[in-house]
Amino acid sequence: MRPANHVFSGLGTTIFTVMSALAAEHGAINLGQGFPDDEGPDDVRAVAAKALIDGPNQYPPMPGLPALRQAVAAANKRFYGLDVDWQKQVLVTSGATEALNDCLMALLNPGDEAILIEPAYDSYKPVIEAVGAKIVTVALEPPHWTLPLDRLAAAFTSKTKLILLNTPMNPTGKVFTRAELDAIAALLVKHDAYAVCDEVYEHLVFSGHKHIPLMTLPGMAERCVRIGSAGKTFSLTGWKIGYITGPEHLMTPIMKAHQFVTFTTAPATQTAIAFGLGKDDSYFAGLAASLEAKRDILAAGLKDAGFDVLPTNGTYFISADFRPLGFNGTDEEFCRDITIKAKVAAIPLSAFYAPNAAHAPRHLARFCFCKQDAILAESSARLKAYAKK
């Protein structure tokens with residue numbers, strides 16, 4: 001038989017699926033997969049329920065309902081001062097992962113180079129490779145996840161088409177600084193390249209830090225597309241609502257890619273997210289404050305159990321060094337061990353690097369803290385008991 005696509009047929013089961021299955025098998029608390037354990041705002045869900053009954057329930061416009069595209073444009077202006085034409089510069093997608101696929105398929109050609117900053121979300125790599133482009137990686141430096149600007153500059157060549165920038169960043173919780181963004185912007189101009197900006201955690205940034213979209217920097221509005229996620233902003237990950245904002249000359253091919261991927265997205269949930277994006281500032285501030293408090297609960301618990309805890313300034317995730325516990329195996333071995341013995345599941349951080357990457361740290365585990373406070377406390381207690389053994 002003829003082989004299927006070599007990229008996708010060569011992929012194994014994701015570590016997220018593996019660890020979630022292991023957690024279910026052993027009755028473990030799952031702090032591996034990044035989803036909240038509440039059901040999202042009551043008022044947003046009520047709007048969706050009404051829209052589902054009232055209709056329409058047939059195909060909405062391919063780029064998304066006008067109400068949601070207008071709401072996305074208004075949010076860009078409200079939070080970042082960006083002037084966006086909702087008709088030409090906004091696209092609604094079936095989740096941010098689809099948005100990433102649309103952007104990468106539309107902007108990359110075989111032979112192009114795409115720069116990834118590691119550790120990187122696992123969906124980036126196969127899509128880039130499947131379209132025939134080459135990946136060039138630049139690794140951040142733990143424990144503070146600093147961006148090595150000299151290595152970043154060296155990664156750019158005449159073949160560089162784009163950089164994929166994730167800020168706030170999964171899995172590290174890093175929020176890129178203005179100085180780092182300025183350096184990236186200068187390299188994009190110098191090499192006539194684009195940026196695909198994965199900003200799904202844009203509203204999950206903690207005190208003392210600020211999310212700055214690369215698109216807001218001088219000269220970047222024409223070079224950037226930025227991706228948002230209603231799933232992250234409203235704790236409604238199962239709804240799979242994403243949105244892309246970008247200049248018309250980039251959005252045109254991205255919309256053409258979208259029309260042959262999902263074409264459109266459920267209208268009732270679009271209506272509800274349009275409502276949600278107009279909520280008071282207190283909602284967005286409260287979301288960040290609530291998650292910051294959860295981060296602090298889990299960080300304190302991990303420290304009490306003996307971990308060295310790395311800083312996290314945004315997202316759902318915190319990383320911890322398990323070497324002080326006396327465990328001498330790899331991060332994957334550690335995550336399996338705590339899932340079975342402590343009944344707490346986490347994700348090995350090396351999963352966010354290219355397979356067998358020599359520079360990938362093997363002593364860090366990523367924990368998700370967007371859970372109920374009691375669950376975080378129980379997880380900490382279990383890990384502390386495990387560490388004592």
Side-chain angles (χ1 to χ4, degrees), residues 16 19-20 23 26-41 119 142-145 168-175 200-211 231-237 282-325 327 331 334-335 337-339 341-349 352 363-389:
F16 307 98
M19 296 309 301
S20 290
H26 292 277
I29 296 172
N30 189 353
L31 299 188
Q33 199 165 5
F35 58 87
D37 58 4
D38 63 35
E39 291 301 327
H144 297 289
W145 304 113
M169 189 184 197
N170 174 17
T172 66
K174 175 184 175 65
V175 178
V200 299
Y201 298 100
E202 60 184 321
H203 294 295
L204 313 185
V205 178
F206 308 140
S207 57
H209 299 273
K210 180 182 180 181
H211 171 57
K232 302 301 189 295
T233 299
F234 299 104
S235 301
L236 294 164
T237 58
S282 60
Y283 168 78
F284 299 94
L287 175 68
S290 172
L291 282 166
E292 183 171 1
K294 293 179 183 296
R295 176 203 65 180
D296 292 344
I297 290 170
L298 186 57
L302 291 171
K303 290 176 183 176
D304 189 45
F307 292 85
D308 282 340
V309 178
L310 278 64
T312 186
N313 300 320
T315 76
Y316 289 155
F317 308 109
I318 193 166
S319 296
D321 186 340
F322 54 78
R323 291 176 297 183
L325 276 61
F327 190 92
D331 54 346
F334 176 78
C335 289
D337 201 55
I338 61 172
T339 302
K341 296 178 181 178
K343 309 298 184 186
V344 177
I347 298 294
L349 208 78
F352 296 89
H363 58 278
L364 300 173
R366 189 202 75 170
F367 296 87
C368 177
F369 55 80
C370 57
K371 309 295 181 182
Q372 295 176 19
D373 293 357
I375 295 295
L376 298 176
E378 175 62 21
S379 300
S380 300
R382 293 183 184 188
L383 290 168
K384 185 175 182 179
Y386 166 86
K388 286 181 178 180
K389 295 178 182 179

Between side-chain atoms of residues 299-310 and protein atoms elsewhere (two or more places apart, or another chain), which donor-acceptor pairs fall under 3.5 Å?
unit_1, atom_1, unit_2, atom_2, d
Asp304, OD2, Lys384, NZ, 2.9

Test: Lys371 cationic atom under 6.0 Å from Phe35 six-membered ring centre, within 45° of axis:
yes

Any cation-pi pair here, Arg366 with Phe317, using under 6.0 Å and within 45°?
yes

Nearest heavy atoms of [X] and [Y], plus distance in Å:
X	Y	result
Glu292	Ser207	OE2-OG, 2.6 Å
Thr315	Phe206	O-CZ, 3.4 Å
His203	Ala288	O-CB, 3.6 Å
Ser319	Pro171	OG-O, 3.8 Å
Val205	His211	CG2-CB, 3.8 Å
Thr233	Phe284	CG2-CE2, 3.7 Å

Check: [Y] and [X] side chains under 4.5 Å, non-hydrogen atoms:
X	Y	answer
Cys370	Leu291	yes
Phe369	Asp296	no
Leu383	Val344	yes

Nearest 0.5 angstrom please: [X] [atom1] to [Y] [atom2], how far?
X	Y	atom1	atom2	value
Tyr316	Lys294	OH	NZ	11.0 Å
Leu298	Ile375	CG	CD1	12.0 Å
Met19	Leu31	CE	CG	11.0 Å
Leu349	Thr172	CG	OG1	8.0 Å
Thr339	Ile347	OG1	CD1	8.0 Å
Ser235	Asp37	OG	CG	9.5 Å

Indicate yes or no for a side-chain donor-acceptor contact from [X] to the backbone of [Y] under 3.5 Å, with no hydrogens or angles considered.
X	Y	answer
Ser290	Gly286	no
Lys343	His26	yes
Asn313	Lys174	no
Arg295	Thr312	yes

Can you tell me if Ser20 and Asn30 form a side-chain donor-acceptor pair at under 3.5 Å?
yes

Ignoring hydrogens and geometry beyond distance, is a side-chain donor-acceptor pair present between Tyr386 and Asp337 at under 3.5 Å?
yes

Classify the ring geometry of Phe234 against Tyr283: parallel below 30°, tilted from 30° to 60°, perpendicular beyond 60°.
parallel

Could you go through the side-chain contact (heavy atoms from CB on, under 4.5 Å) check for Ile338 and Phe322 one step at a time?
CA-CA 11 Å; Ile338 61 172; Phe322 54 78; over 6 Å; no

Checking Phe334 against Phe367 for the ring-ring contact (aromatic ring centres under 6.0 Å, His included) test, could you report, in this order, the C-alpha distance in whole Å, the side-chain angles of both residues, the deciding distance, and whether it holds?
CA-CA 13 Å; Phe334 176 78; Phe367 296 87; 7.4 Å; no

Before you tell me yes or no, could you show the steps for Ile29 and Arg382 under side-chain contact (heavy atoms from CB on, under 4.5 Å), namely the whole-Å CA-CA distance, both residues' side-chain angles and the distance that decides it to 0.1 Å?
CA-CA 10 Å; Ile29 296 172; Arg382 293 183 184 188; 3.6 Å; yes

